[in-house]
Amino acid sequence: MAQINRINHVAIIVDDMEKSLNFWRDALGLTLHELRDVPAEKSQIAFLPLDGAEIELVRPTSDDSGLAKYLAKRGPGMHHVCLEVDDIDSMLARLKEKAIHLINEEPRTAADGKRYAFIHPESTGGVLVELYQL
Ligand code: CO
């Protein structure tokens with residue numbers, strides 16, 4: 001049976017990267033591992049590792065992406081939590097069986113080969129949940 005093993009990352013959507021880093025890096029003292037542009041997702045992402053997981057700060061870099069629309073509608077804040085699963089196919093099958101509302105019915109494959117799928121907030125208590133199989 002598919003199993004969730006740990007939190008991979010927590011993603012926070014921000015409108016001002018420097019201001020966010022003032023908190024997460026400078027005030028809390030987390031290490032900024034990487035800050036990079038991801039043109040494919042029209043966003044800039046900061047990675048701050050923490051005990052095997054990561055805080056990710058995501059800032060939309062254009063006005064026409066899904067992320068930008070999310071930010072315009074809801075403002076900055078928690079965007080999603082990502083959980084690692086050992087077998088994403090059987091987990092998605094189980095969730096479908098339980099009538100959980102999936103955004104991605106089939107896993108998608110990221111540029112780095114990771115397979116992922118999003119679960120709709122209406123089934124999770126209001127939080128967008130991402131599943132990752134590494
Ligand atoms: Co994510």
Side-chain angles (χ1 to χ4, degrees):
M1 190 151 122
Q3 189 174 309
I4 299 293
N5 290 320
R6 63 187 195 105
I7 293 176
N8 182 280
H9 61 270
V10 172
I12 296 162
I13 187 163
V14 309
D15 55 0
D16 182 333
M17 187 59 81
E18 271 315 303
K19 194 173 148 197
S20 296
L21 287 173
N22 283 343
F23 172 68
W24 293 95
R25 178 190 57 197
D26 304 334
L28 279 186
L30 296 183
T31 301
L32 175 61
H33 174 68
E34 199 182 0
L35 178 62
R36 69 177 151 96
D37 282 309
V38 184
E41 295 181 20
K42 297 179 180 173
S43 57
Q44 180 189 44
I45 303 184
F47 297 95
L48 299 104
L50 176 58
D51 191 30
E54 280 179 325
I55 303 288
E56 292 185 9
L57 307 176
V58 183
R59 183 181 68 81
T61 51
S62 85
D63 288 337
D64 60 349
S65 64
L67 278 172
K69 285 173 190 140
Y70 182 101
L71 180 62
K73 192 172 162 192
R74 305 193 192 203
M78 173 86 190
H79 187 258
H80 65 268
V81 59
C82 176
L83 307 175
E84 279 180 30
V85 59
D86 57 359
D87 181 345
I88 195 168
D89 296 294
S90 74
M91 179 59 80
L92 290 177
R94 190 205 304 176
L95 296 176
K96 274 183 230 173
E97 233 175 73
K98 293 184 181 294
I100 301 298
H101 184 173
L102 302 176
I103 292 174
N104 307 115
E105 298 261 333
E106 302 298 329
R108 309 185 71 178
T109 303
D112 61 3
K114 275 180 209 139
R115 300 175 72 220
Y116 67 95
F118 282 95
I119 306 170
H120 199 283
E122 90 182 7
S123 292
T124 66
V127 179
L128 181 61
V129 176
E130 181 178 25
L131 297 176
Y132 250 11
Q133 182 180 337
L134 300 184

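Remember, it's 1-based here, ligands and their atoms both numbered in the order they're listed. Owing to the predicted nature of the structure, the values given are computational and were not obtained by experimental measurement.
- For Asp64, the CG atom is densely surrounded, since the number of other residues' heavy atoms within 6.0 Å is greater than 12.
- Glu130 and Arg108 are not joined by a salt bridge, as no carboxylate oxygen comes within less than 4.0 angstrom of a charged side-chain nitrogen.
- Considering NE2 of His79 and CG of Leu67, their distance stands at 5.0 Å, rounded to 0.5 Å.
- Under the 30°/60° scheme for interplanar angles, the aromatic rings of His101 and His120 are found to lie parallel.
- Note that the CZ atom of Arg25 and the CD atom of Glu18 stand 5.5 Å from one another [nearest 0.5 Å].
- Below the 2.8 Å limit, the Co ion (ligand 1) has as protein N, O or S neighbours His9 NE2, His80 NE2, Glu130 OE1.
- Using modelled atom types, one finds no donor on one side chain facing an acceptor on the other under 3.5 Å when comparing Asp37 with Gln44.
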